[in-house]
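One structure is given below, encoded as structure tokens.
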Amino acid sequence: QVQLVESGGGLVQPGGSLRLSCAASGFTLDHYAIGWFRQAPGKEREGVSAISAIDGSLYYTDSVKGRFTISKDNAKNTTSLQMNNLKPEDTAVYYCAAGKAASIFPLHRGGYDYWGQGTQVTVSS
């Protein structure tokens with residue numbers, strides 16, 4: 001079964017840190033674009049960060065630059081999103097995704113084939 005499973009979400013205070021992980025099974029992440037997306041209630045799903053399958057380039061939406069770091073571990077078939085200096089505006093359900101054709105628009109959801117179920121991140125005092 002092709003599957004992506006996120007973990008690491010939870011409740012954190014503003015300024016705190018959280019590390020999200022995503023484990024792939026049934027397929028190999030290598031040669032796939034990898035993306036992290038988030039969706040808050042009433043808002044559209046937003047691309048947060050991605051790794052291109054073409055050349056490994058990293059992409060970040062402006063609101064998280066300097067605070068979030070994406071990485072992958074091909075040996076473990078996982079991807080992680082390190083989130084530092086979290087803000088209340090970061091509150092959302094976070095999803096990992098993988099796609100063969102996503103590299104051309106890595107922060108756009110249309111090119112992704114596989115999606116995790118999501119993990120809740122809440123930033124609040």
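Everything quoted here is computed from the prediction, not taken from an experiment.
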Where the side chain of [X] meets the backbone of [Y], is there a donor-acceptor pair that is under 3.5 Å apart?
| X | Y | value |
| --- | --- | --- |
| Arg67 | Asn85 | yes |
| Gln117 | Val5 | no |
| Asp90 | Lys87 | yes |
| Glu6 | Thr119 | no |

How far does OG of Ser49 sit from CZ of Arg38, to the nearest 0.5 angstrom? 10.5 Å
Atom pair OH (Tyr59) and CD1 (Ile51), whose distance is rounded to the nearest 0.5 Å: 11.0 Å
Shortest non-hydrogen separation from Ser52 to Ile54 and the atoms involved: OG-N, 3.0 Å
Residue among Tyr114, Tyr112, Tyr95 satisfying side-chain contact (heavy atoms from CB on, under 4.5 Å) with Leu4: Tyr114
Is there side-chain contact between [X] and [Y], with at least one heavy-atom pair below 4.5 Å?
| X | Y | result |
| --- | --- | --- |
| Val121 | Met83 | yes |
| Thr91 | Gln120 | yes |
| Thr69 | Tyr60 | yes |
| Thr79 | Trp36 | yes |

Are more than 12 heavy atoms from other residues, nucleotides or ligands located less than 6.0 Å from atom CG of Leu58? yes
A cation-pi test, strictly: NZ or CZ of Arg109 under 6.0 Å from the centre of the six-membered ring of Phe37 and no more than 45 degrees from its axis. Yes or no? no
Worked check of salt bridge (Lys or Arg N to Asp or Glu O under 4.0 Å) between Asp62 and Lys65: CA-CA 5 Å; Asp62 286 343; Lys65 287 180 179 177; 3.0 Å; yes
Identify all side-chain donor-acceptor contacts of residues 8-35 below 3.5 Å with residues at least two apart in sequence or on another chain.
residue, atom, partner, partner atom, Å
Ser17, OG, Asn84, OD1, 2.9
Arg19, NH1, Gln82, OE1, 3.1
Ser21, OG, Ser80, OG, 3.4

